[in-house]
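Here is the structure we will look at.
In what follows, every chain begins at residue 1, and chains take the letters A, B, ... in the order their sequences are listed.
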2 protein chains.
Amino acid sequence: MPRESAAKVPTPSSAISDTTLRQFTGYGMKRAFMVIQADVTRTLEPLDLRMVTFSALAIIGDNPGLSQTQLAGALAIERPNLVVIVDELERRDLVSRDRVPTDRRTYALQLTAEGRRLLVRATEALRTHEIRVMHGIGGADLATLIGCLSQIEAFEPGKS
Amino acid sequence: MPRESAAKVPTPSSAISDTTLRQFTGYGMKRAFMVIQADVTRTLEPLDLRMVTFSALAIIGDNPGLSQTQLAGALAIERPNLVVIVDELERRDLVSRDRVPTDRRTYALQLTAEGRRLLVRATEALRTHEIRVMHGIGGADLATLIGCLSQIEAFEPGKS
DNA sequence: TATTGTTATACTCTATAACTATA
DNA sequence: TATAGTTATAGAGTATAACAATA
């Protein structure tokens, strides 16, 4: 890949090199994730959902009755920030906050019927879109990709 | 994976399921990227660099003389937000803003000698850390991973 | 008229401390 | 005393409009 112009001259028009960053898989992950994120945002927009509100619905759907602290942990966000999210979902009648008799400090979160319907619609829309994004990737490669991601996610700074 | 408790009872202690989200490769990418991001942040901290300031140094190093508009494009951030970043790098004497005689509106960005030294140190530190994070992934799988990421990055909403 | 860098500003996300009510 | 949810607030990060200098 020869340099066409002398050193210290700005690259002709807009062909900027990122060779140094490209050596890092983490950089490729960021670039790829930005594409996915943009597609997810676009897909959820007509349903008036953001990535985090969709994720909240999905986690509540998988764990009916869980507490806000547990949900915050699953979403990896701070409890204070979760409050406004659950506020919005409750206001839109997608989620209910039910008092727990055995511990009146906590709420048991549930999807409402409308919450369940919206979760199903959003999940199907995202599945369709993800297939398009991953379209060029073969089945075996996709399995390898998922395995690699799990491996990375399992990394702990302390070990090794 | 049988449910141990009756429906609508909070999950015992803290074993929250994310089955619905796990079907999406994008979710796995986000989780994996969060781990990488945390490691990168920790690695760059002693060098007083953030992800974005390191990336700026790397792009300037690969494209000496480029303009701030070009750098903003390469980093995918808005021009106004880049100004404060370049301000900081210039104040720390890592980057120079040189006037271009042929177009006195633009600056030609260059790494200083100290900027080059810091870039090398940071790149080596990150390389070591990335090897640890990717440690469990075989060579062939890593190549597949990188290929998949490129494929995803190349996705365009319009096509297909 | 268009573009580069800049300022001001606003909006979202995220993070922390402190409060209340319960345990 | 400790915990769940909440409030207030501050700090990042990100986005847009508008300006001065220059083309």
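Judged as a side-chain contact (heavy atoms from CB on, under 4.5 Å), and not counting sequence neighbours, the contacts of A:Thr69 are A:Ser67, A:Arg79. Among residues two or more places apart in sequence or in another chain, the side-chain contact (heavy atoms from CB on, under 4.5 Å) test is passed with B:Gln37 by B:Phe33, B:Thr41, B:Met51. Every residue two or more places apart in sequence or in another chain was checked for a salt bridge (Lys or Arg N to Asp or Glu O under 4.0 Å) with A:Asp98, and none qualifies. Residues meeting the salt bridge (Lys or Arg N to Asp or Glu O under 4.0 Å) test with A:Arg22, sequence neighbours left out: A:Asp18, B:Glu153. Residues forming a salt bridge (Lys or Arg N to Asp or Glu O under 4.0 Å) with B:Asp39 (at least two apart in sequence, or on another chain): B:Arg42. Not counting sequence neighbours, B:Glu114 has no partner by the salt bridge (Lys or Arg N to Asp or Glu O under 4.0 Å) test. Every residue meeting the side-chain contact (heavy atoms from CB on, under 4.5 Å) condition with A:Val83, not counting sequence neighbours, appears here in chain and number order: A:Gln68, A:Asp87. A search for side-chain contact (heavy atoms from CB on, under 4.5 Å) contacts involving A:Ala122 returns A:Leu44, A:Leu47, A:Leu49, A:Phe54, not counting sequence neighbours. Among residues two or more places apart in sequence or in another chain, the side-chain hydrogen bond (donor to acceptor under 3.5 Å, both in side chains) test is passed with B:Glu78 by none.
With hydrophobic clusters built from ILVMFWY side chains whose heavy atoms lie under 4.5 angstrom apart, A:Ile36 shares a cluster with A:Val52.
Rounded to 10 degrees, the angle separating the terminal helix axes of the helix from C:dT1-D:dA23 to C:dA23-D:dT1, each built from five base pairs, is 10°.
For the OP1/OP2 pair of C:dG5 and a distance below 4.0 Å, the side-chain nitrogens and oxygens of B:Thr69 include at least one atom meeting the criterion.
In summary, contact between chain B and DNA chain D, defined as any nucleotide atom under 4.0 Å from a heavy atom of the protein, begins and ends at D:dG13 to D:dA23 in the 5' to 3' direction.
Using a 4.0 Å heavy-atom cutoff across all strands shown, A:Arg99 reaches no nucleic acid atom at all.
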Inset, instruction - Let me have a per-nucleotide readout for nucleotides 9-21 of chain C, 5' to 3', with B, S or -, counting only protein heavy atoms under 4.0 Å. - result: ----SBBBB----
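Note: OH (A:Tyr107) to C1' (C:dT22) measures 12 Å, nearest angstrom.
Comparing A:Asp103 and A:Asp87 by the nucleotide of DNA chain D whose heavy atom lies nearest to each, the residue mapping closer to the 5' end is A:Asp103.
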